[in-house]
Each structure stands twice: as C-alpha cells, then as structure tokens.
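Structure first, commentary second.
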Amino acid sequence: MTQGVVQDKVSAALVGALRLAQQRGVLKIAHMPIVSLEAPKRPEWGDVSSTVAMSLSASERRPPYEIAQIIIDHLEQRDALFNRVEIARPGFLNLTVKQQLWMEVLREIETQGIAYGHNEVGQGRRVLVEYVSANPTGPLHVGHGRGAAVGQALVRLLKASGHEVVSEFYINDAGRQMNLLGVSVLARYLESCGKSMPFPEEGYQGEYIRSVAERLRAEQGDGLLSLPVMEAELLSKEFAYRELLALIRQDLERFGIVFESWFSEASLLTSGIVEQVLGELKARNLLFDQDGAQWFRSSTFGDDKDRVVRKQEGDYTYLASDIAYHRDKLRRGFDLLVDVWGADHHGYIPRMQAVVQAYGYPKERLKVVLVQMVNLLRGGKKVEMSKRAGEFITLREVMDEVGADAAKFFFLLRESSTHLDFDLELAKQQSQENPVYYVQYAHARIASLRRVAAARGIDCPLPSQANLDLLQDPDELALIRKLSAFPVVLQASAQELEPHRIAYYLRELAGMLHPFYNKHRILPPAPESEASSVATSDSPTSASRRPAVVAPALTGARLALMWAVQQVVRNGLDVLGVSAPEQM
RNA sequence: GCGCCCGUAGCUCAGUCGGAUAGAGCAUCAGCCUUCUAAGCUGAGGGUCGUUGGUUCGAUUCCAACCGGGCGCGCCA
C-alpha cells in the first residue's frame, strides 16, 4: 500500500505529529486515522493536502482549524520536508513539499523500471480470471472483443498488484448450440454436394458456416453422404468445433491474448463430473425434485428462486455444468474467482454466488465483472448488425480496419459496465481526437527526442545521473507529481477491477506531456548550418521564434524527466495490453 | 409487478473511505509549423451534477421517494 514515495513520507510525518501530540496529551486520538493525501485542484493549495484535521474534529470535539494547528506545531521535520505549510478554511492542511523531495519519484521510476507502479496488495493471493468464454459456434464478434480486452487488462492489473493469476477460457462446447452447429454445417455440406436439404429452423446462418462446410468437404469428399444422419451430424459438429475453436484462438492471438488455460464444458459432462457433483448436492439436501425436474435450492442462498439443474427430459441445464465448473475452480484453491460476463447475464449473478455459498465460501469469493454492449459506429452512424441473419462485425474485421491496439484502447476507455460507442472512423484517425494515438504519440515523441539527442551526440542521462535540482519550473513539478500518482491509480484500478482508470490516467499524463513539449525547449537548438542560410536576423518574426537557449545541464535534467514520463506511459499501456511504439 | 445498472457541459464520459470555486475529450469559435515528429499546441464560450426531501459543519458522492432510460426476471446459453 503506497500513495507514492513522497506522499508516504508526508503521511508518515503527519502521523508522527499526531503521535507526538497524543504523547504530550494535546490530542486524545482513540484510533490513529489513516492519513490519506490528495492532490489539490488549485496550485495555491500546495502540492499535497490532507483532510485529517477535519475528520478528527468530531472525535476530539474541537474545531478542525485548531487540530490542524496542533498537527503543524508537532511536525518534527517540518523544514526538511516542506517549503510551505498552511491551513485553509475549515481545516485543510495544505502542504508544499520541498522540490528535492519530488525528485525521488524520478529515481524511484528508474529503480523500478517496468515494475514502477506495481504493488503487493495481492500478497500472492491466487486469482482465476475467466473471460471471453464464447461458444465455439462462430467467430468472435465485437462484444467478445471488449470482454477480451477487459479480461486481459484485469489479468495484468491483478498480476501487477501482487496476485498470482491464471487466465482461463471456458469453452461452451456442450448442449443445443453445438448440435445446431453440426446440423447447420451438415446442411451446407449437403448443399455443396448438390443435395438440397431444408436449412434448420434456428441454424447458424453466417457465411462462415459455408466455408467450414467447404473445408469439411475438402477433407472428407462426399464421404458423409453414405453415413447415417446421426453420424454425419456428429462428424460435422466435431469438425466444425475444431475449426471454429482454432479460429477463435487465432483471433485472440492476433489480438495479443493467449490464455493459460482452456476448460471444456463438455468434459464435465462426459467425465460424469456433473452427475457426481449433483449427487453430492442431493446428499446435502440442496437439490429437490419437482414437476419431473431437479432443482437447486439457490433461494436458500439469496437467489430469488430455485433453479432447474435437470430438465424433465433428463438433460442437464447450463447451470448444472456451471455448478460443476465453479466447484472445480474453487477446488483448485483460488482465493478469488473473477468472471467476466456480458451484461445481459447479470441476472445470473445471484445464482452463481449461491453456488459459491453452497460450497461454504463467502459470496465475495466470486466477483463478476459485467461488460456492456458495444455500439459500433462509422462516422457517427450506427452500423446495423443482425445476429439472426448472421450479419455481425467480427473482432477480426475490426482489427483489420483499426488495428489491435486502437481496438483495445477503445474497449478500455469506458467503465466496462456502461454502453460503449465505438466509432471505427475515429479509431482509425491519426489525430488528437483519437485517444489511442494521443497517448502512444507521447511515448513515441519522447523516443524521438532521445533519438535526435543521440544523433547530435547529446548525453541522455537517467534520473540518477542528472542534476535534478535544475527542475524547478512549475510545469516540471506538475509532471512529476502526476507520475507520483500512477501507483495509486494502478492500485485503485486493480482493487475495483476497473481498468478504464488507467486509460484515463494515461490520457491525462499525455495531456500534460504534449503541452510541456510544446512550451519548453528540451534540446539545445539545432546546429546553425541547417536553418540559418535564409534567416534574416533582423526580421521580428524570426527573432521571436529563435529557440531559447537551454543550458546543457538543464537539457540533461529534462531528458531524465522525459525518460521517466516515457517509462510511466509504457507501464500504463503495458497493463492495458497496448503497445508503446518507439516511432509513429 | 419485482430485481440490477444508469441519469454530470451541445455530444461521449471521468469524478467510491462525503470536502475547497464540479473536470476531461470531442464538437463550435479564434489563433500557432524556418525549431526536439502539427499524429502536436494556445485561447474562448458552455452546468438547477434527473426531481424532491433527509442525514451532516459540508452531499455530484450516503439514505428515501418519485420521474426518465437500459437490462434481467426460461426446464435458452
């Protein structure tokens, strides 16, 4: 748990002051509060502030202002840490930290490198993140893409927060859907053999079914014609399953996602595990028979009603295999299960939490992250999709059009539980309207700066090698303060399972870098030979545009600062699974 | 009808241990390339934080009711 290197020191100093005041009997302080600091909105309020005096006011039965004054009076290293210590109206403690102290942020970034911002709040707890989990009945569409981006970001986020994480894809390869897939492919297969067969009522219409059938025919020739229908259907189903799962895997890889584990629903059924699990529940009186079906007593664990696990005809419902699946996850010893689901499944949450509780765990052991629908737009106009007609935009098409990085970043730009407008034109655009490029450009721009510096033989020191005392400009300090906030953002993001916070942070950081770059000269002006031949030195415009002189030591310090910004941009993008290009 | 989510600038949205004069991007308007990438920057306008009550020194944030929108309420997944 860190608030940043500087904030931690300030926080410790304030706690020290409170302790001292307590020892001297000036304050009672029954419970030592957590002194959290915030970054004030206005520069005149210092660079860190605390509301601790206000929160103590009630229990101390004194006005916040007095308490703030007491804290200040008991600060032991006041002059070593602060330039200014002020109290504002009700009892805000506004602190301006010594500039040298902020430089530790840069050294911290250098020491930690790609791990800067990471934390250990997970304490090695084991987490299983299950995401995408699409039916292998067709290619991934845009909605899956968002789930994939969110899931991957969660995995990385949790890993960066000291968790041991396994990512898993639950293959819904059992039941009616798969049978329909087999029938659909067989129908197209027969069609291509010249035999007409009425296409199944609710079959899969997509064009990809035809190409699967074509490949089946290429492999088997007309062989299926002579088989009994049942056998031909089974063969078609298995063939299609292999083809489509491979397709899904390829699409995910192209998207930069590789799962550590794949779990088959069908395996739970064929191995008899589902049956066994239901037997256990039955023995514990958690199942009952009614109307010829078998029910799970989920209502005793907070669900609205009980749910069927075995239908009248004897088939298991999806809930039955989900019970077995989640029992398996729990048995594997995970401290936390994270399921990433489409938001339309939200009514299913109490049911699954009932399952978790039936196995003796608190329902918080399962956390469900909901991912809302993606509204696909093109130049502001809605792209119509019809799932029934098999007309939908696939993830692959989106990647082909805008690239995997842009797609991912857009998917992660909003809180996952809210609807997302995804404009393909915008995601393709290479301008500041496009937040992906805006952020990536910050990284590339700094890379470019260093390339130019290297080409001119200018030294590019790391923070530890630079004279950081020269960084005194408010803009420089503001950047450093922003960098110091990254660990806090990362931690909150992991804790709340909300990766979009990282995306926002990155946009803000880039939004500070670009103006800085524009305003402050970093490298000394280019050698005269390139530009001066035409320049008329008495022209007022040319005079006003003459580059400012930058002392070599300041160049070094600023390059070190830029290096740190670049590192943090990279770290943030890394957590989101988005690349940080050296050049754009 | 019951349950869950949402209502913040023209648009899309940030803002979760309650804090100071409510933020960003886009769009609009007016400007900036002889310089380290203009894939960039500067400036301007824009708000009853859905409504009404309650708790509090203080509410966009917590509570209640209501209004408006989305979703769920299958022996489908």
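Throughout, protein chains are lettered first and strands after them, A, B, ... in sequence-line order, and every chain is numbered starting at 1.
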Protein-nucleotides 59-63 of chain B N/O pairs closer than 3.5 Å?
none

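Ring-plane geometry between A:Phe263 and A:Tyr325 is classed as tilted, the angle between the planes lying from 30 to 60 degrees on a 0 to 90 degree scale.
Nearest heavy-atom pair, A:Ala427 versus A:Ala406, reported as atom, atom and distance to 0.1 Å: O-CB, 3.7 Å. Considering every non-hydrogen atom in both A:Val369 and A:Ser416, the closest pair reads CG1-OG, 3.6 Å.
Residue A:Tyr517 is in base contact, counting any heavy-atom pair closer than 4.0 Å across all strands shown. Residue contacts for A:Met54: at a heavy-atom cut-off of 4.0 Å it reaches a base atom on one of the strands shown. Looking at heavy-atom distances under 4.0 Å, A:Gln294 makes no contact with the nucleic acid at all. Among the atoms of the strands shown, base atoms are found under 4.0 Å from some heavy atom of A:Ser49. Residue contacts for A:Arg501: at a heavy-atom cut-off of 4.0 Å it reaches a base atom on one of the strands shown. As judged by a 4.0 angstrom heavy-atom cut-off over every strand, A:Asp173 is placed among residues making no nucleic acid contact. Using a 4.0 Å heavy-atom cutoff across all strands shown, A:Asp291 reaches at least one base atom of the nucleic acid. A:Gln372 comes within 4.0 angstrom of nothing in the nucleic acid, heavy atoms only. At the heavy-atom level, A:His346 lies under 4.0 Å from base atoms of the strands shown. The residue A:Asn172 sits close only to the backbone: its heavy atoms come under 4.0 Å of sugar-phosphate atoms, none of a base. In this structure, A:Gln312 reaches the bases: a heavy-atom distance under 4.0 Å links it to at least one base atom across the strands shown. Here A:Glu202 lies out of heavy-atom contact (under 4.0 Å) with every strand.
Annotation: proximity of residues 439-455 of chain A to RNA chain B (heavy atom, distance under 4.0 Å) is found for A:Tyr441, A:Ala444, A:Arg445, A:Ser448, A:Leu449, A:Arg451, A:Val452, numbered in ascending order.
When the C1' atom is compared between B:G45 and B:G31, the two are found 15 Å apart, to the nearest whole Å. Distance noted for atom C1' between B:A59 and B:G54: 11 Å (whole Å). On the C1' atoms, B:G58 is 15 Å away from B:U21, given to the nearest whole Å. Atom name P, nucleotides B:G3 and B:A65: the rounded distance is 9 Å, in whole Å. Straight-line distance between the C1' atoms of B:U60 and B:G19: roughly 12 Å, to the nearest whole Å. Between the C1' atoms of B:A64 and B:G25, the separation comes to 36 Å (whole Å). If you take atom P in B:G18 and the same atom in B:C57, they sit 15 Å apart, rounded to whole Å. A gap of 10 Å separates the C1' atoms of B:C67 and B:U52, to the nearest Å.
Put simply, the side chain of A:Arg521 gets close to the backbone of A:Leu523: a donor and an acceptor are under 3.5 Å apart.
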**Request:** Please step through salt bridge (Lys or Arg N to Asp or Glu O under 4.0 Å) for the pair A:Glu86 and A:Arg84, ending with a clear verdict.
**Result:** CA-CA 6 Å; A:Glu86 289 171 350; A:Arg84 262 174 44 214; 3.2 Å; yes

**Item:** CA sep, side-chain torsions, deciding dist, call: A:Lys311, A:Glu313, salt bridge (Lys or Arg N to Asp or Glu O under 4.0 Å)
**Value:** CA-CA 5 Å; A:Lys311 310 176 199 173; A:Glu313 314 90 79; 5.1 Å; no

**Prompt:** Step by step, would you call A:Phe422 with A:Phe411 a ring pair (Phe, Tyr, Trp, His ring centres under 6.0 Å)?
**Reply:** CA-CA 8 Å; A:Phe422 186 159; A:Phe411 287 142; 5.3 Å; yes

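No side-chain donor from either of A:Gln372 and A:Thr418 sits under 3.5 Å from a side-chain acceptor of the other.
Applying the 4.0 Å criterion to OP1 and OP2 of B:C76, one finds that A:Lys311 has a side-chain N or O inside that range. The side chain of A:His500 contributes an N or O atom lying less than 4.0 Å from OP1 or OP2 of B:G15. Considering only side-chain N and O atoms, A:Tyr438 lies under 4.0 angstrom from the phosphate OP1 or OP2 of B:C41.
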**Asked** Could you write nucleotides 7-13 of chain B as a row of B, S and -, 5' to 3', where a protein heavy atom under 4.0 Å of any base atom gives B, of only sugar-phosphate atoms gives S, and otherwise -?
**Response** -----BS

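Environment of NZ in A:Lys363: sparse, with no more than 12 heavy atoms of neighbouring residues, nucleotides or ligands closer than 6.0 Å. For A:Glu44, the CD atom is densely surrounded, since the number of other residues' heavy atoms within 6.0 Å is greater than 12.
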**Prompt:** How does RNA chain B look in dot-bracket notation if pairs are Watson-Crick or G-U with both distances under 3.5 Å, crossing ones as [ ], other-strand ones as |?
**Reply:** (((((.(..((((.........)))).(((((.......))))).....(((((.......)))))).)))))....

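A:Asn179 is linked by a side-chain hydrogen bond (donor to acceptor under 3.5 Å, both in side chains) to A:Lys237, counting only residues two or more places apart in sequence or in another chain.
The 5' end of RNA chain B is approached more closely, in terms of each residue's nearest nucleotide, by A:Val35 than by the other of A:Val35 and A:Glu44. Nearest-nucleotide assignment on RNA chain B puts the 5′-proximal partner with A:Arg42, out of A:Arg42 and A:Val308.
Annotation: side chain to side chain donor-acceptor pair (under 3.5 Å) contacts involving residues 45-57 of chain A, sequence neighbours excluded, comprise A:Asp47-A:Trp102.
For A:Phe486 and A:Tyr505, the gap between ring centers is short of 6.0 Å.
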